[in-house]
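As structure tokens, the structure follows; a few thoughts come after it.
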Amino acid sequence: MTKLRAIRGMNDILPEETPYWQSLERTVRALLHSYGYGEIRLPIVEHTELFKRSIGEVTDIVEKEMYTFDDRNGESMTLRPEGTASCVRAAIQNGLLAVPQRLWYAGPMFRYERPQKGRQRQFHQVGVEVFGIATPDIDAELILLSARLWRQLGIADDVTLELNSIGSNEARKAYRAALVEYLSARREQLDEDSQRRLESNPLRILDSKNPDTQALLNDAPALADYLDDEAKADFARLQALLDAAGQPYRVNPRLVRGLDYYNKTVFEWVTDRLGAQGTVCAGGRYDGLVEQLGGKATPGIGFAMGMERLVLLLSETGQALPVEQAADLYLVSMGEAAETEAMARAEALRDVFPEHRIVLHTGGGSFKSQMKKADRSGARLALIWGEDEVNAGTCAVKDLREDGGQETVAAAELPQYLRAALA
RNA sequence: GUGGCCGUAGCUCAUCGGGUAGAGCACCGGAUUGUGGCUCCGGAGGUGGGGGGUUCGAGACCCCUCGGCCACCCCA
């Protein structure tokens, strides 16, 4: 219909939705601050190589979902599909890894996928990453931090925690071989997608949605049996810490993550209230990634939250939006002299009441229509200037929310009057 | 990339292949020379996503295309 549209999957976030975003962002920011995390701001574009080397060459993200283009000098660049790779790159580049680092960032990510509920091509994440801590106490901290966030947002009852350990790279390699052997012998019983995954990413077959495939997996080798001792011990310790903190979770032995860099602890917060895209927050450990990207071997762990999905959850669960949209004062006037007076008074009132929302009617229109706009603005009070008021040096103050009563107030008295009226 | 459903006013939707495409909400004006909300009256707003075909005649039927939603894949 309209000729110019936004790019598919890249949505405008409208004024009626932004209060949810602002409230969510404010809560997240304060929480991370309180846990001692520092914000890092990262570029949206990186060398394509960064993502190929971190996420994995054969993942769907790298193979078919990246927005990749040549810069003017012929270098291949990519709109970031996720934040961890950039954060690791930045930490290495800026020498942040000499001491443990607790970092977070927020911003848009880009993946070329078919949009659906809870998924778009430009979406927003808040990512949290910790470098230099190998022990599972930090795993627990991240999980407890996220759990606290759900409580603060009022959605704790709508999300559940799933947990798994996928072990060391070596353990996973051995398990992958065993799984491939088992499934190859039963290739015909696999669904089409899983047959393909047998070549590309066999572990992903574990969380296939196909019931027949899931049934087939019941007798398959179990990842847990292949874990190395350290991964086992750390996973047990993590569970002990969560138990002690009273944090419920479900160990899901079939939880694997799509990105190559994960090892040991992986976790997801999921909800059943968002349709097919139930993962609201997910992450895990990536002890080899820093070294893989050219830094000194440094353990890492992190997670990312999908802001669109959280906003959906907040609105679907009817969680309040604390940012008040209604105006406090709406100023109207009739005639040029009154308009001049109202404009000057508006500025003076903004000096006195910087915390209040003061809307000055602009664009003319009949008095009636101005009053209608005043009502629609949601303002508590309308301040009215006409010829009489200007001549008398007064202002008519009308209560739009109560009985509609109106008082005439001398210009000099206006601040005191409004201070009482707005209290 | 695959599949299902759907594109009519700013929004939500009606309209059996037959006259000038309607309603509610929103918007503008009036009833009320300077007073919103409730009510009443009036007004403006549409290349029916786009293109082609069938037909005397298409918003409706057929084909193509673009777009939206949901699901698969994948993922936050």
Side-chain angles (χ1 to χ4, degrees), chain A residues 1-9 11 14 16 55 59-66 81-84 106-128 146 159 191-194 196-197 200-201 204 207-210 256-259 267-271 274-284 302-313 330 332-335 338 361 363 365-390 396-406:
Chain A
M1 185 186 299
T2 323
K3 279 183 182 165
L4 256 27
R5 302 191 100 262
I7 291 167
R8 185 211 280 249
N11 300 330
L14 304 176
E16 65 178 23
I55 297 169
T59 56
D60 275 27
I61 290 181
V62 170
E63 279 183 341
K64 50 188 195 192
E65 294 179 1
M66 295 205 303
E82 61 110 36
T84 301
M109 308 292 164
F110 303 85
R111 292 181 200 170
Y112 188 88
E113 301 180 275
R114 282 289 276 266
Q116 70 184 71
K117 188 179 176 73
R119 190 173 71 190
Q120 38 278 127
R121 289 181 174 181
Q122 175 175 333
F123 61 104
H124 298 79
Q125 289 186 335
V126 166
V128 181
S146 53
V159 293
D191 60 276
E192 200 179 322
D193 285 323
S194 292
R196 182 173 47 74
R197 281 186 286 230
S200 59
N201 197 347
R204 299 293 297 172
D207 57 9
S208 166
K209 287 179 184 172
N210 186 299
V256 292
R257 307 277 314 137
L259 281 48
F267 65 94
E268 279 189 16
W269 287 95
V270 296
T271 178
L274 252 41
Q277 306 304 322
T279 303
V280 122
C281 171
F303 67 82
M305 321 177 234
M307 300 301 270
E308 278 80 0
R309 292 179 185 179
L310 286 172
V311 166
L312 271 176
L313 244 194
Y330 195 97
V332 308
S333 60
M334 287 158 293
H361 181 85
S366 67
F367 183 54
K368 183 187 175 69
S369 73
Q370 291 192 39
M371 285 305 291
K372 194 163 185 165
K373 297 256 169 52
D375 184 46
R376 287 287 160 93
S377 78
R380 304 246 310 268
L381 302 173
L383 306 195
I384 303 162
W385 283 271
E387 208 174 330
D388 296 347
E389 285 79 6
V390 172
V397 179
K398 177 162 181 160
D399 191 322
L400 296 172
R401 299 303 139 205
E402 304 289 319
D403 50 4
Q406 183 169 321

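Letters A, B, ... are given to chains in the order of the sequence lines, protein chains preceding strands, and every chain is numbered from 1. The structure presented is a predicted model; accordingly, all values stated were derived computationally and were not measured.
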Between the base of B:U35 and the side chain of A:Gln370, is one N or O donor paired with an acceptor at under 3.5 angstrom?
no
Under-4.0 Å side-chain N/O to phosphate OP1/OP2 contact, A:Lys209 with B:C73
yes
Hey, does A:Glu192 reach any base, or is it just sugar-phosphate, or nothing, if we go heavy atoms under 4.0 Å?
nothing
Contact class for A:Ala374 (heavy atom, under 4.0 Å): base, sugar-phosphate, or nothing?
nothing
Please report the distance separating the P of B:C41 from the corresponding atom of B:C25, rounded so that it comes out in whole Å.
12 Å
With a 4.0 Å limit, can you tell me whether A:Arg8 has a side-chain N or O closer than that to the phosphate oxygens OP1/OP2 of B:C66?
no
Min side-chain heavy-atom separation A:Phe123-A:Arg111 under 4.5 Å:
yes
Phosphate oxygens OP1/OP2 of B:C27: is one of them under 4.0 Å from a side-chain N or O of A:Arg376?
yes
Counting the atoms with a prime plus P, OP1 and OP2 as sugar-phosphate, which does A:Ser369 contact under 4.0 Å by heavy atoms, base, sugar-phosphate, or nothing?
sugar-phosphate
Figure out the CG/P separation between A:Asp375 and B:C27, and round it to whole Å.
10 Å
Using only side-chain N and O atoms of A:Lys373, determine if any of them is under 4.0 Å from OP1 or OP2 of B:C28.
yes
Distance test, side-chain N/O of A:Arg197 to OP1/OP2 of B:C74, below 4.0 Å:
yes
Atom CE in A:Met66, atom OG1 in A:Thr59: separation rounded to 0.5 Å?
8.0 Å
Does A:Glu65 get its side chain close enough to the base of B:G1, under 3.5 Å, for a donor-acceptor pair?
no
Taking CD from A:Glu63 and C1' from B:C73, how many angstroms apart are they, rounded to a whole number?
13 Å
Any-strand Watson-Crick or G-U partner of B:U55, both distances under 3.5 Å:
none
Between the base of B:U35 and the side chain of A:Lys368, is there a donor-acceptor distance below 3.5 Å?
no
Categorize A:Ile384 for me: base, sugar-phosphate, or nothing, with a 4.0 angstrom heavy-atom threshold over every strand shown.
base
Across the strands shown, which category fits A:Lys372 at heavy-atom distances under 4.0 angstrom: base, sugar-phosphate, nothing?
sugar-phosphate
Does the pair A:Arg196 and A:Asp193 meet the rule for a salt bridge (Lys or Arg N to Asp or Glu O under 4.0 Å), with working shown?
CA-CA 5 Å; A:Arg196 182 173 47 74; A:Asp193 285 323; 3.3 Å; yes
For B:A60 versus B:G18, give the span between their C1' atoms, rounded off to a whole number of Å.
12 Å
Can you tell me how far P of B:G68 sits from CZ of A:Arg121, to the nearest Å?
8 Å
For A:Arg196 and B:C73, is the shortest distance between a side-chain N/O and OP1 or OP2 below 4.0 Å?
no
B:C72 and B:G45, which share atom name P, separated by this distance in whole Å:
45 Å
Check whether any side-chain N or O of A:Gln116 sits under 4.0 Å from OP1 or OP2 of B:A71, and answer yes or no.
yes
Using a distance-only criterion (donor-acceptor N/O pair, under 3.5 Å, no hydrogens), is the base of B:C72 paired with the side chain of A:Arg114?
no
Who pairs with B:C27 - Watson-Crick or G-U, where each distance is under 3.5 Å:
B:G43
Could you tell me whether A:Gly275 contacts a base, only the sugar-phosphate backbone, or nothing, with contacts defined as non-hydrogen atoms closer than 4.0 Å?
sugar-phosphate
Presence of A:Gln277 side-chain N/O under 4.0 Å of B:A76 phosphate oxygens OP1/OP2:
no
